[in-house]
Amino acid sequence: MIGVSLVGLGEIGQVHLSALRSSDHIQVSALCDLDEERLNGSCRGEWLTTHFDQILERPDVEAVDICLPHNMHAPLAIRALESGRHVLLEKPMAMTVAECDQVIAAAAAADRVVGVSHNQLFYEPHQMLSKMISDGSIGDLRTIRARLAIGGRYGSWRSDPSQAGGGLLIDAGVHRIYMLQELGGPVVAVSANMDMPGMEESYSIILEFSCGAIGTIDATYHGPSGLFDDQIEVVGTQAILEVAGCEAQFEGFDDGPSLRQWSNGAWETIETSDSWDRSVAKSVQAFFEAVSRGVTPRVDGVTGRSTVAVIEAAYRSAREGIRVELPFA
Ligand SMILES: NC(=O)c1ccc[n+]([C@@H]2O[C@H](COP(=O)([O-])OP(=O)(O)OC[C@H]3O[C@@H](n4cnc5c(N)ncnc54)[C@H](O)[C@@H]3O)[C@@H](O)[C@H]2O)c1
């Protein structure tokens with residue numbers, strides 16, 4: 001059992017809380033949120049506080065799960081790591097690559113583990129997509145098209161770039177970036193267009209993968225009310241694969257087959273059964289189970305940083321009107 005304190009009991013914090021409570025490997029020792037009503041309403045006997053630093057004084061807190069606005073990810077992760085706690089961060093790992101580097105350095109100095117919840121990697125249709133690309137079922141990978149269209153702009157801290165680190169890209173757009181990295185492999189160059197870089201509400205991005213394939217993302221907040229479209233389509237030389245969307249299913253936008261393939265002139269549905277909230281639960285539980293077993297988590301700090309590096313390159317590309325190359329080792 002690993003003792004975990006959850007920090008941030010908002011929208012995603014509640015999904016983390018259910019996942020933490022339902023794992024046999026995790027003891028939820030403490031909860032922290034600035035909002036006392038939310039704190040009390042979430043409590044099932046855990047120790048409660050509105051002050052982050054107080055959880056770091058408790059011996060039963062071995063790890064901290066951070067579900068906070070983006071500007072708090074790096075500073076609070078560093079405080080927790082320096083106090084000897086392992087840290088799971090919600091996406092994105094931090095607002096900049098420089099912040100990610102500080103978090104990684106703090107983890108190394110304290111010999112603790114940092115990970116990031118890239119939950120859609122755990123969504124079964126996405127895992128099947130990844131496997132069918134890597135085992136050659138679709139032939140050679142040529143293009144990956146990722147959509148993100150939402151019916152209305154998110155508010156609260158998300159509308160403040162100083163708290164969010166940007167607009168739609170560094171918020172819901174993060175899932176598109178790490179999924180394309182998962183499916184296409186290392187990204188060697190990024191070209192982006194945005195309506196308002198840093199406060200973007202619509203954008204398009206081209207990713208060039210080291211394997212020679214191309215990834216495209218088009219995204220907007222300005223769809224009709226009720227829309228959530230996060231479909232992914234993969235084109236190979238032998239087949240096309242389509243995932244109807246991970247959050248689309250959760251938001252009730254899509255009720256078609258989760259995964260289908262077109263090859264030899266016909267569409268075929270590939271049976272899968274999973275959901276967005278289960279992908280979050282699996283992602284959270286996998287991190288703490290990896291830490292308990294002393295193995296590297298699926299999304300460690302280096303992987304989390306690589307996603308922020310692509311996001312940062314996209315902002316630079318959009319601001320300067322250039323194609324930005326990324327170092328590829
Ligand atoms: N994986 C996903 O699909 C997904 C979905 C939603 C949000 N997220 C991510 O989760 C994180 C949180 O987003 P959210 O939608 O849950 O936000 P939210 O606004 O719903 O919740 C944030 C919570 O943090 C609390 N808080 C703020 N500052 C605090 C502090 N200093 N100490 C303690 N508590 C504090 C607030 O009171 C609030 O309860 C972000 O990184 C976001 O990108 C991920």
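Keep in mind that this is a model prediction, so the values were computed, not measured. In listed order, ligands and their atoms are each counted from 1.
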Item to check | Top protein contact for atom 3 (O) of ligand 1, by heavy-atom distance | outcome: Trp276 NE1, 3.2 Å
Next on the checklist: Taking 4.0 Å as the limit for heavy-atom contacts, which would you say applies to Phe52 with ligand 1: side chain only, backbone only, both, or neither?
Outcome noted: neither
Checklist entry - When the ring planes of Tyr154 and Tyr221 are compared, do they come out parallel, tilted or perpendicular, using 30° and 60° as the limits? => result perpendicular
Item to check | Lys/Arg-Asp/Glu bridge criterion (N-O < 4.0 Å) met for Arg323, Glu325 | outcome: yes
Checklist entry - Any side-chain donor paired with an acceptor under 3.5 Å for His222 and Glu201? => result yes
Checklist entry - Are Gln14 and ligand 1 in contact, using a heavy-atom cut-off of under 4.0 Å? => result no
Checklist entry - Just by distance, do the side chain of Gln102 and the backbone of Cys100 share a donor-acceptor pair under 3.5 Å? => result no
Item to check | Close side-chain approach of Gln120 to Arg176, heavy-atom, < 4.5 Å | outcome: yes
Item to check | Residue, atom name and distance, where the atom is the protein heavy atom closest to atom 41 (O) of ligand 1 | outcome: Lys91 O, 2.9 Å
Item to check | His16-Glu90 side chain donor-acceptor pair, cut-off 3.5 Å | outcome: yes
Checklist outcome for this item: atom 30 (C) of ligand 1 sits nearest the protein heavy atom Leu34 CG, 3.5 Å
Checklist outcome for this item: If we number the atoms of ligand 1 from 1 as shown, the ones under 4.0 Å from a heavy atom of His73 are 41 (O)
Next on the checklist: Suppose I only count heavy atoms of Arg38 and a 4.0 Å limit; which atoms of ligand 1 are within that range?
Outcome noted: 38 (C), 39 (O)
Next on the checklist: Just to confirm my output: which protein heavy-atom neighbour is closest to atom 1 (N) of ligand 1, and how far is it?
Outcome noted: Asn119 OD1, 2.8 Å
Checklist entry - So, Ser317 side chain and Ala313 main chain: donor-acceptor pair closer than 3.5 Å or not? => result no
Item to check | Of the listed options Gly13, Cys67, Ser42, closest to atom 22 (C) of ligand 1 (non-hydrogen atoms) | outcome: Cys67
Item to check | ligand 1 N/O within reach of Thr50 N/O, cut-off under 3.5 Å | outcome: no
Next on the checklist: I'd like to check whether Ser156 has a polar contact with ligand 1, where a contact means an N/O of the residue lying under 3.5 Å from an N/O of the ligand.
Outcome noted: no
Next on the checklist: Could you work out, for atom 21 (O) of ligand 1, the closest of Gly10, Pro69, Gly155 by heavy-atom distance?
Outcome noted: Gly10
Next on the checklist: Show the atoms of ligand 1 that are less than 4.0 angstrom away from any heavy atom in Glu11.
Outcome noted: 15 (O), 16 (O), 20 (O)
Next on the checklist: I'd like to check which ligand 1 atoms, numbered from 1 as shown, lie under 4.0 Å from a non-hydrogen atom of His70.
Outcome noted: 40 (C), 41 (O), 42 (C), 43 (O)
Next on the checklist: Is it the case that atom CG in Asp135 sees more than 12 heavy atoms from other parts of the structure closer than 6.0 Å?
Outcome noted: yes
Checklist entry - Between the main-chain N or O of Ser306 and the side-chain N or O of Gln181, is there a donor-acceptor pair closer than 3.5 Å? => result yes
Checklist entry - Passes side chain to side chain contact (heavy atoms under 4.5 Å, CB included), Gln238 versus Ser263? Steps please. => result CA-CA 6 Å; Gln238 304 294 325; Ser263 61; over 6 Å; no
Checklist entry - Which residue supplies the protein heavy atom nearest to atom 7 (C) of ligand 1, what is that atom called, and how far is it? => result Arg158 NH2, 3.2 Å
Next on the checklist: Within the structure provided, determine whether Val116 and Thr303 are in side-chain contact (heavy-atom separation under 4.5 Å).
Outcome noted: no
Item to check | Any side-chain donor near an acceptor of the partner, Asn119 and Ser117, under 3.5 Å | outcome: no
Checklist entry - Would Arg298 and Glu182 pass as an ion pair if we require N to O under 4.0 Å? => result yes
Item to check | The one among Asp171, Thr49, Ile12, Leu68 that brings a heavy atom closest to atom 10 (O) of ligand 1 | outcome: Ile12
Checklist entry - Between Met72 and ligand 1, does any nitrogen or oxygen pair lie at a separation below 3.5 Å? => result no
Checklist entry - At the 4.0 Å heavy-atom cut-off, does His175 count as touching ligand 1? => result yes
Checklist outcome for this item: protein heavy-atom neighbour closest to atom 44 (C) of ligand 1 works out as Glu90 OE1, 3.3 Å
Checklist entry - Among protein heavy atoms, which lies nearest atom 36 (C) of ligand 1, and at what distance? => result Asp33 OD1, 3.5 Å
Checklist entry - Atoms of ligand 1 less than 4.0 Å from Gly8 heavy atoms? => result 24 (O)
Item to check | For atom 18 (P) of ligand 1, the protein heavy atom that lies nearest, with its residue and separation | outcome: Trp157 NE1, 3.8 Å
